[in-house]
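Values below: all heavy atoms of this structure, side chains included; hydrogens, waters and symmetry mates excluded. Predicted model, so just to flag it, every value in this text is computed and none were measured.
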Amino acid sequence: MRQGLNKRKLESFGFCSSNPYDPRTQQELVLHISNQVQKGNDFTIKMYSWMKISILKKKINEITKLDLANIRILYKNQELSLNKQDLEEYGIKNHVTLKLMARKQGEQLYFINSIHNILEESKKTQEEFQNAKWAVEGAFMTGITPKLTAFGTQGTYILEDQNHKPVAIFKPYDEEAFAPNNPRGMRAKMNSPGLRQGILSGEGVDREVATYLIDQSSQHYHDVPLTNYVQICHSAFHEAEEYKQFQYEKIPIKEGSFQLYVKHDDNVGNFGSRLFPSLEARKIAILDIRILNCDRNEENILVRKKKIKQPQGQTRQAYDYFLIPIDHGYAFPDSFKICRDELVWYHWGQMTQQFTQEEKYFIDKIDPIKDVQILREKVKLREICLRNTRISTTLLKLGTQADLTIHDISEILYREDPDELSPIEIAISKAQHNYDNNIRVPKGYSNFNDKIFSNNLVQKSLEFDSSSLQKQEKVKQIKPLIKLEKIDENEIVQNETLIKDNQGIQTSDKKLVRVGSEQEIKKCSKYIEKEWNEDFYSHVAYFLQQIIDNKLQEKQQSPRRYRSRYISEEVK
């Protein structure tokens, strides 16, 4: 009873609710404060890891005599603005350096900081990103505020320059759908289930940046606008009242994605799909398959028109159409429960056409292992999300090698009925069953990655034209050396549910301590995510190849059978 009273007493003084008597929390921390306000007056403070940020600010106030409303404390370019959080939740350890900076409350200092810079571009691209930031900062100083869009389910802000022209689109972490500070009324705790299966709240920003990284690794083949991580301070951003602990904290500091605004004429919903060139239409579909996009609607494909010079005497103006993909917060899910109706391009006629030599060459050069490694290093995505994007990219490469179309590949990848498993889900479940039961990989698939990456599709397309490829007889498939067990689909669904429950793959393993909100974020226990080695991917490739072979058999036109004409006796 006495210990409970002491605990409540400690909480009333601003200490954390965890047990301060735990021997692990008794270690004293020495924090070095780099005083950027009073030059030459750096100092150190002794704290405990279980103490709150509010106690740190009060100690700094006692030493520097600075007003609490005019100071900002930064650790690794992140402001310690959540006063209810303790030092341990921010990752602050012994002998770290914190920056003490001034906040000009009277002038309302607005700023944009680059954080976690992921750009590996030319000097021109770096300058373009910097000029966009400076243009927005200049607009802030003249009184131009971020504008919340009238559509969407999350906090999406249009940032303008001094001439009121759009410069960039900003999406904060904590204003996503079912995040704590959502301005549309769809509020919940971080890591809550989102609007799409397999994506949690607070993960959309990372997916926006990850999509740009995929396009960046492909020399911008898909034309995804430049996207980067930034930190923006402005009073126009939405902040829930119950999360404001002190009255002087009136300028929220938000962290999110910063995407350059692209000039365009309209979206694809106001045009007929036949107007779009085949290469432009299929580059969007190839991107969505690579990132496993769950939401490609008419509004997130922009259209830019360019006039074509007409010969003299021609009165009707013709245009070239270019497509620009945006809004990728619902990509990289942790499941394949995606329906075909979620993709606006599924019913386009361009998807039933064969790949060109240029497209085959591009797909042949895609390396899903390298893409996953880049995302693992620069973006915080769960391991199962990276696994799924590798599998979908592998299907794209195998289907292209078999001369399938985008429409054929989509029939394998996406569900026709929301309640029925897609072919790729059944293949993954069978591969998982073989992998868990130590069933060896069939002969010829143990090093299947070499076959995927070494196949020269351009050489094939030069040797045969499309008509000869269709008429070419299908190579007989080598029978596996072992008999693979047939699995019931109901059993597959039960196994999937059991695996998810055991591994906890629906829960993110990162600490979602976001800047600019005072929400009560409970410290999540770190789940050990399941890892898959090359044997698992070889099993997946084997079953995918079987599905592709069956698809090729269905496409082969069987010879027409003529039946003898029977004439009844009455007619005779």
Side-chain angles (χ1 to χ4, degrees), residues 6-18 20 25-111 113 115 174 180-181 231-235 237 239-255 511 513-521 523:
N6 291 337
K7 182 178 179 180
R8 288 194 294 272
K9 185 177 180 181
L10 287 169
E11 291 180 2
S12 65
F13 281 100
F15 298 149
C16 71
S17 58
S18 59
T25 62
Q26 290 296 325
Q27 183 180 4
E28 193 174 43
L29 303 181
V30 178
L31 307 179
H32 304 275
I33 308 299
S34 176
N35 196 340
Q36 304 292 326
V37 182
Q38 304 166 343
K39 296 294 184 179
N41 293 328
D42 298 345
F43 54 93
T44 59
I45 292 180
K46 293 183 179 180
M47 299 277 292
Y48 289 97
S49 60
W50 47 270
M51 289 185 174
K52 291 187 176 182
I53 300 300
S54 57
I55 298 298
L56 175 63
K57 291 181 178 180
K58 289 179 181 179
K59 286 195 173 186
I60 291 177
N61 171 256
E62 294 174 357
I63 296 175
T64 61
K65 306 301 181 182
L66 296 173
D67 189 4
L68 285 174
N70 294 328
I71 63 173
R72 299 174 59 232
I73 307 172
L74 280 76
Y75 174 60
K76 292 182 178 180
N77 294 327
Q78 181 181 7
E79 184 176 3
L80 309 182
S81 60
L82 302 176
N83 296 294
K84 294 182 180 180
Q85 300 290 355
D86 53 45
L87 300 177
E88 183 182 4
E89 289 176 319
Y90 269 107
I92 299 176
K93 299 180 181 179
N94 195 17
H95 293 292
V96 301
T97 301
L98 306 178
K99 287 184 180 181
L100 176 62
M101 302 181 67
R103 182 200 302 274
K104 299 179 183 179
Q105 187 184 12
E107 301 178 7
Q108 286 194 342
L109 179 62
Y110 306 125
F111 61 85
N113 291 332
I115 55 175
D174 59 346
N181 289 323
Q231 186 184 63
I232 303 181
C233 173
H234 201 281
S235 57
F237 297 132
E239 192 84 357
E241 291 296 331
E242 58 266 30
Y243 295 145
K244 294 180 181 179
Q245 185 174 1
F246 298 109
Q247 292 297 325
Y248 63 80
E249 292 186 346
K250 297 181 180 179
I251 309 179
I253 301 176
K254 298 297 182 83
E255 180 181 341
K511 283 184 180 179
V513 181
R514 299 303 182 194
V515 176
S517 59
E518 289 290 340
Q519 62 269 32
E520 289 288 345
I521 304 176
K523 184 179 177 182

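- The distance from atom CD1 of Ile53 to atom CG of Leu80, rounded to the nearest 0.5 Å, is 4.5 Å.
- Evaluation of the side-chain contact (heavy atoms from CB on, under 4.5 Å) rule for Lys93 yields Val96 as partners, not counting sequence neighbours.
- Side chains of Leu100 and Thr64 form a contact here, defined as non-hydrogen atoms less than 4.5 Å apart.
- A donor-acceptor contact closer than 3.5 angstrom is absent between the side chains of Lys52 and Asn83.
- Using a 4.5 Å heavy-atom threshold, the side chains of Leu56 and Met51 count as separate.
- Residues satisfying the side-chain contact (heavy atoms from CB on, under 4.5 Å) test with Asn61, not counting sequence neighbours, are Leu68.
- Contact check for Lys254 versus Ile232: no side-chain heavy atoms found under the 4.5 Å cut-off.
- Distance CD1/Ile33 to OG1/Thr97: 8.5 Å, rounded to 0.5 Å.
- Atoms NZ and CG, on Lys59 and Leu31 in that order, are 9.0 Å from each other to the nearest 0.5 Å.
- Using a 4.5 Å cut-off on side-chain heavy atoms (C-beta onward), Met47 and Ile55 make contact.
- Expressed to the nearest 0.5 Å, how far CG of Leu29 lies from OG1 of Thr44 amounts to 12.5 Å.
- Between Glu28 and Tyr48 there is a side-chain heavy-atom pair separated by less than 4.5 Å.
- In terms of modelled atom types and a separation under 3.5 Å, the side chain of Lys84 and the main chain of Ser54 share no donor-acceptor contact.
- In this structure the side chain of Leu98 never reaches within 4.5 angstrom of the side chain of Ile45, judged on heavy atoms.
- Atom CZ of residue Phe43 and atom OG of residue Ser34 lie 9.5 Å apart, to the nearest 0.5 angstrom.
- Although no hydrogens or angles enter the test, the distance criterion places a donor-acceptor pair under 3.5 Å between the side chain of Asp42 and the main chain of Asn35.
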